[in-house]
Amino acid sequence: MPDSEYRDIRKLDLFAQMADDNFTSLMRGAYVQNFPAQIELITEGEPSDFLHIVISGSVDLFSAWNGRDTSMATVRPISTFILAATIKDAPYLMSARTLEKSRIALIPSQDVRAIFDADNNFARAIVTELAQCYRSVIKAQKDLKLRTSLERLANYLLRQQRHAGGRAAFELNFEKRRLASVLGMTPENLSRAFKGLQPYGVVVTGTHITIENQADLERFAKPNPLIDDFSA
């Protein structure tokens, strides 16, 4: 593994406070691999053999049942997935596939569990990250259960606008069919929802979004940090 990637992984909150010798031991069995787009990295139901770290590119976490599938989350650099299965030594509850050419570090799960038992700082960091993941899941459930599809889309656009620096015009970060899946809609419902937001100043051209009336959209969406702030 190149020194630059080694240092980038070391800076992650999950690894930042652990002892140097424990981090060295953890990374001894790790390796980095390049994957093209649309390659399935893990399959739900399989044993959690590795903790994965996205170094570059992006990964779609998804699930399937009875002929249907849905996107659960997008993982971007530099971050891990799926930590809970690694710690519990349990089957993956989601599958993962690359959305683009990606560089992934793989750390054997048994090594992660061994260092968890040996390094208190690492153990605390894992608990903190799992707690953050739990809170994100609760917020996503509140978004899905308490809001209409139109409200979910409106708040999603406001979140994306903040990520784009607050500009009135910005690009969606993935194609509309996948966005529909993330928001719990069909592509047809998403198309109708975009049209439903036109009276609130939302203009859509392909994946380019312009919010022409910020105040109207926010009055309709009623953004709430207890739902929409996934950083806390």
Side-chain angles (χ1 to χ4, degrees), residues 1-36 39-63 72-141 162-163 173 225-226 229-232:
M1 182 184 302
D3 287 343
S4 60
E5 292 174 350
Y6 186 93
R7 290 192 298 269
D8 286 341
I9 292 172
R10 184 70 161 114
K11 291 176 185 176
L12 288 174
D13 289 344
L14 191 62
F15 307 109
Q17 300 303 317
M18 64 190 302
D20 288 339
D21 56 344
N22 286 333
F23 181 72
T24 300
S25 177
L26 181 65
M27 298 306 294
R28 190 171 293 124
Y31 62 97
V32 175
Q33 191 167 344
N34 294 311
F35 296 92
I39 291 295
E40 189 163 307
L41 302 170
I42 62 174
T43 303
E44 60 185 307
E46 291 185 348
S48 52
D49 295 330
F50 294 95
L51 176 65
H52 295 70
I53 302 173
V54 182
I55 296 174
S56 65
S58 56
V59 171
D60 176 35
L61 301 182
F62 69 99
S63 186
M72 306 293 289
T74 302
V75 185
R76 302 186 186 280
I78 292 175
S79 54
T80 64
F81 70 94
I82 303 173
L83 181 58
T86 289
I87 295 303
K88 283 185 62 65
D89 192 15
Y92 295 119
L93 295 181
M94 295 181 285
S95 300
R97 62 190 162 211
T98 53
L99 291 171
E100 57 189 307
K101 183 180 178 181
S102 301
R103 189 164 172 82
I104 311 291
L106 297 93
I107 305 175
S109 293
Q110 61 184 10
D111 294 347
V112 175
R113 291 191 293 271
I115 301 299
F116 176 88
D117 291 335
D119 191 303
N120 290 336
N121 286 335
F122 183 48
R124 279 193 291 269
I126 284 177
V127 171
T128 299
E129 182 151 331
L130 291 176
Q132 180 62 49
C133 291
Y134 170 79
R135 289 176 64 82
S136 295
V137 168
I138 294 298
K139 291 176 182 181
Q141 284 292 300
R162 288 195 295 273
H163 293 158
N173 58 359
L226 297 181
D229 184 2
F230 283 85
S231 66

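Predicted model only: the values in this text are computed from it and were never measured.
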Under 3.5 Å, is there a donor-acceptor pair between the side chain of [X] and the main chain of [Y]?
X	Y	value
S136	Q132	yes
T128	R124	yes
K11	A16	no

Exercise. Are a donor atom and an acceptor atom from the side chains of E129 and T80 found within less than 3.5 Å of each other?
Worked result: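 Judged by distance alone, the side chains do pair up.
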
What distance separates [X] [atom1] from [Y] [atom2], expressed to the nearest 0.5 Å?
X	Y	atom1	atom2	value
F35	H52	CZ	NE2	6.5 Å
I126	D119	CD1	CG	9.0 Å
L61	S95	CG	OG	9.0 Å
N121	L14	CG	CG	11.5 Å
F122	F116	CZ	CZ	8.5 Å
I55	I78	CD1	CD1	6.5 Å

Exercise. Excluding sequence neighbours, so at least two apart, what forms side-chain hydrogen bond (donor to acceptor under 3.5 Å, both in side chains) with D20?
Worked result: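 side-chain hydrogen bond (donor to acceptor under 3.5 Å, both in side chains) check on D20 returns R10.
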
For this session: Name all residues meeting the side-chain hydrogen bond (donor to acceptor under 3.5 Å, both in side chains) criterion together with Q17; count only those two or more places apart in sequence or in a different chain, and write none if there are none.
Result: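 Scan of Q17 (side-chain hydrogen bond (donor to acceptor under 3.5 Å, both in side chains), adjacent residues dropped) gives none.
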
Problem set entry | Steps toward side-chain contact (heavy atoms from CB on, under 4.5 Å) verdict (L41, F81) | CA-CA 11 Å; L41 302 170; F81 70 94; 3.9 Å; yes

Problem set entry | L26 and M18: CA distance, side-chain angles, deciding distance, side-chain contact (heavy atoms from CB on, under 4.5 Å) verdict | CA-CA 10 Å; L26 181 65; M18 64 190 302; 4.2 Å; yes

Quick one: does [X]'s side chain get under 4.5 Å of [Y]'s, heavy atoms only?
X	Y	value
M27	Y6	yes
I39	R97	no
T98	E40	no

Problem set entry | Heavy-atom closest contact (P91 atom, A85 atom, distance) |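 Of all heavy-atom pairs spanning P91 and A85, the closest is O-CB, 4.0 Å.
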
Which atom pairs, one a donor and one an acceptor, fall under 3.5 Å between side chains of residues 99-115 and the rest of the protein, sequence neighbours left out?
unit_1: E100; atom_1: OE2; unit_2: S58; atom_2: OG; d: 2.7
unit_1: S102; atom_1: OG; unit_2: S58; atom_2: N; d: 3.2
unit_1: S102; atom_1: OG; unit_2: S58; atom_2: O; d: 3.3
unit_1: S102; atom_1: OG; unit_2: E100; atom_2: O; d: 2.8
unit_1: R103; atom_1: NE; unit_2: E5; atom_2: OE1; d: 3.3
unit_1: R103; atom_1: NE; unit_2: E5; atom_2: OE2; d: 2.4
unit_1: R103; atom_1: NH1; unit_2: N34; atom_2: OD1; d: 3.0
unit_1: R103; atom_1: NH2; unit_2: E5; atom_2: OE1; d: 3.3
unit_1: S109; atom_1: OG; unit_2: S48; atom_2: O; d: 2.7
unit_1: S109; atom_1: OG; unit_2: D49; atom_2: O; d: 3.2
unit_1: S109; atom_1: OG; unit_2: F50; atom_2: N; d: 3.1
unit_1: S109; atom_1: OG; unit_2: T86; atom_2: OG1; d: 3.3
unit_1: R113; atom_1: NH1; unit_2: T86; atom_2: O; d: 2.7

For this session: Would you indicate whether I138, at its atom CD1, is surrounded by more than 12 heavy atoms from other residues, nucleotides or ligands within a distance under 6.0 Å?
Result: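 Counting neighbours around CD1 of I138, more than 12 heavy atoms of other residues, nucleotides or ligands fall under 6.0 Å, so yes.
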
For this session: Verify the neighbour count for atom CZ of F230: are there more than 12 heavy atoms of other residues, nucleotides or ligands below 6.0 Å?
Result: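 Enclosed.
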
Exercise. Checking side-chain contact (heavy atoms from CB on, under 4.5 Å) for the pair I87/L51: CA distance, chi angles, key distance, verdict?
Worked result: CA-CA 9 Å; I87 295 303; L51 176 65; over 6 Å; no

